Amino acid sequence: MFRTDVLVIGAGPSGTVAAAIVKKAGLSVRIVEKESFPRFVIGESLIPRVMDHFEEAGFLPALHRCNWQKKFGARFKKGDVWCEFDFSEQFTKGWTWTWQVPRAEFDMVLAEEVQKQGVPIDFRAEVVGITLGKPYSVTAVRHSSGREERIQARFIIDASGYGRVIPRLFGMERPTPLPPRKAIFVHCYDHLRPRGREGWMISFVVHRTDVWIWVIPFNNGITSLGVVGDPTYINRFGHDPEMALRTIVDHDPNYCDRFRNVEYLWKPRVLEAYSATTSDMWGPGFAIVGNSVEFLDPVFSSGVMFATETASLAAKMAIRQLQGENVDWKNDYAAYIRRGVDVFRTYVCSWYDGALQDVFFAPEQNPEIKRQLTSILAGYVWDENNPFVKKHETLVYILSRYLRSRYTLPVATVP
Ligand SMILES: Cc1cc2nc3c(=O)[nH]c(=O)nc-3n(C[C@H](O)[C@H](O)[C@H](O)COP(=O)(O)OP(=O)(O)OC[C@H]3O[C@@H](n4cnc5c(N)ncnc54)[C@H](O)[C@@H]3O)c2cc1C
């Protein structure tokens, strides 16, 4: 039976970052991945905090060589009002830019890099069972040839994304407090893309307070276009995803001209009720990272950042445990990650109930508050010196009430 120190399930951003960090510590590590690469997963808008993790994993030189469209900020629009955040003007010291990435290509580069670092990946190898044990757990893997293999590992990192292998096998999936939302998205030929900055800037447009449209231009002329939000509204446009997406975008004055009749590269895809959580993030001999452990909402592009944050932390703690240290998974992993998730959850909820939109689109913009919010959007959600981290549950609602009492705030395209 094959034996390794660490077995990583899944070769997405969380799996490759975790494996690279384990490998650097001199431990043996292997990745098993269900699909063959390149494969597409949604998640194309990154936020600056991921750069810290890619640097730590040694991926940055290879990522730089890809010359993807750089992302220096994020902008949002409601009615006629734009609100733009510039990552170079942040409260927390950190990365001031990142990329907007074609995900299939991006994940392929990460997988190639981790293999160059000496981590073997078995593609088309699906984990179908795990028997936990000490000092070794045994993972059953089914290869595409039909061959079944058992792998002994001292530690398992579940980075299986939407596969959620350990939460499913061990009954750890839990309902999320967020209401179900729906997304329809596609890649299209953006032949009417404006020249210059307007053409490559990433944009999120409020269509209705609880429905928004994303526009993520890549530097190959292709743009990712998506609509996200309340399923009852999106379902009004029928069950054909292409018809629904085209109708919603056609009714939106911001992008109707640019995207009317554009050629879609594939049939638009639909994801529904994608928010997920687990009863626990770790257990004896394993840790769950990335989307497998928690996913909130796409609105602030935090998915890959949480994937790599959890991966980096779990990998470092697994290394210490395997080297004989006592590690406190409950406090130093689960509680720490939950603090960041809770901060983002507040901003996701207050986006959809409109309070955060009041703050973004108010005529009065306090520069210090803007810098603090920019750091949240950049992913620096563990900096307790930032009042919008420390008092995340209350500040945005206090501000929203104040702004509502003072100003007439912009309304969405569709009431
Ligand atoms: C509509 C929508 C839009 C989004 N937009 C963004 C965005 O703009 N920016 C952002 O940062 N995030 C975004 N996300 C979130 C993003 O998709 C994820 O957070 C991110 O891909 C998580 O990475 P991961 O490494 O955890 O998992 P993945 O990237 O999903 O990788 C997991 C891997 O595990 C493999 N796997 C699964 N099951 C098994 C098994 N049994 N055995 C072996 N391998 C297995 C899979 O094949 C896959 O390759 C979005 C999500 C949604 C729903």
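For ligands, and for the atoms within them, numbers begin at 1 and follow the listed sequence. Just so we're clear, the structure is a prediction, and the values are computed from it rather than from any experiment.
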Q) Which is it for I9 and ligand 1 at heavy atoms under 4.0 Å: side chain, backbone, both or neither? A) side chain
Q) Mind checking whether Y162 has an N or O less than 3.5 Å away from an N or O of ligand 1? A) yes
Q: Flag F185 as yes when one of its N or O atoms lies below 3.5 Å from any N or O atom of ligand 1, and as no otherwise.
A: no
Q | Y136 six-ring centre to R154 NZ/CZ under 6.0 Å and within 45° of normal | A | no
**Q.** Nitrogen or oxygen of R39 less than 3.5 angstrom from that of ligand 1
**A.** yes
Q. With a distance cut-off below 6.0 Å to the six-membered ring centre and an angular limit of 45° from the axis, does R30 pair with F2 as a cation-pi contact?
A. yes
Q | ligand 1 contact on A159 by region, counting heavy-atom pairs under 4.0 Å | A | backbone
Q: Ignoring angles and geometry beyond distance, decide whether F37 reaches within less than 3.5 Å of ligand 1 through its nitrogen or oxygen atoms.
A: no
Q) With a 4.0 Å heavy-atom cut-off (strictly under), which part of P13 contacts ligand 1: side chain, backbone, both or neither? A) both
Q. Regarding R246 and the six-membered ring of F237, is the cationic atom NZ or CZ under 6.0 Å from the ring centre and inside 45° of its axis?
A. no
Q. Has Q323 got more than 12 heavy atoms of other residues, nucleotides or ligands less than 6.0 Å from its CD?
A. yes
Q. Is K370 positioned over the aromatic face of F85, cation under 6.0 angstrom from the ring centre and no more than 45 degrees off axis?
A. yes
Q: Would you check whether V127 has a nitrogen or oxygen atom less than 3.5 angstrom from a nitrogen or oxygen atom of ligand 1?
A: yes
**Q.** Nearest heavy atoms of R103 and V304, plus distance in Å
**A.** NH1-CG2, 3.5 Å
(Q) Within ligand 1, which atoms have a heavy atom of A183 less than 4.0 Å away? (A) 1 (C)
(Q) Heavy-atom count check: over 12 atoms from other residues, nucleotides or ligands less than 6.0 Å from D328 CG? (A) yes
**Q.** Distance-only N or O hit between ligand 1 and N291, under 3.5 Å
**A.** yes
Q.
Are any of the N/O atoms on S302, whether in the backbone or the side chain, positioned under 3.5 angstrom from an N/O atom of ligand 1?
A. no
Q) Can K70 be said to sit on top of W97's aromatic six-ring, NZ or CZ under 6.0 Å from centre and within 45° of the ring axis? A) yes
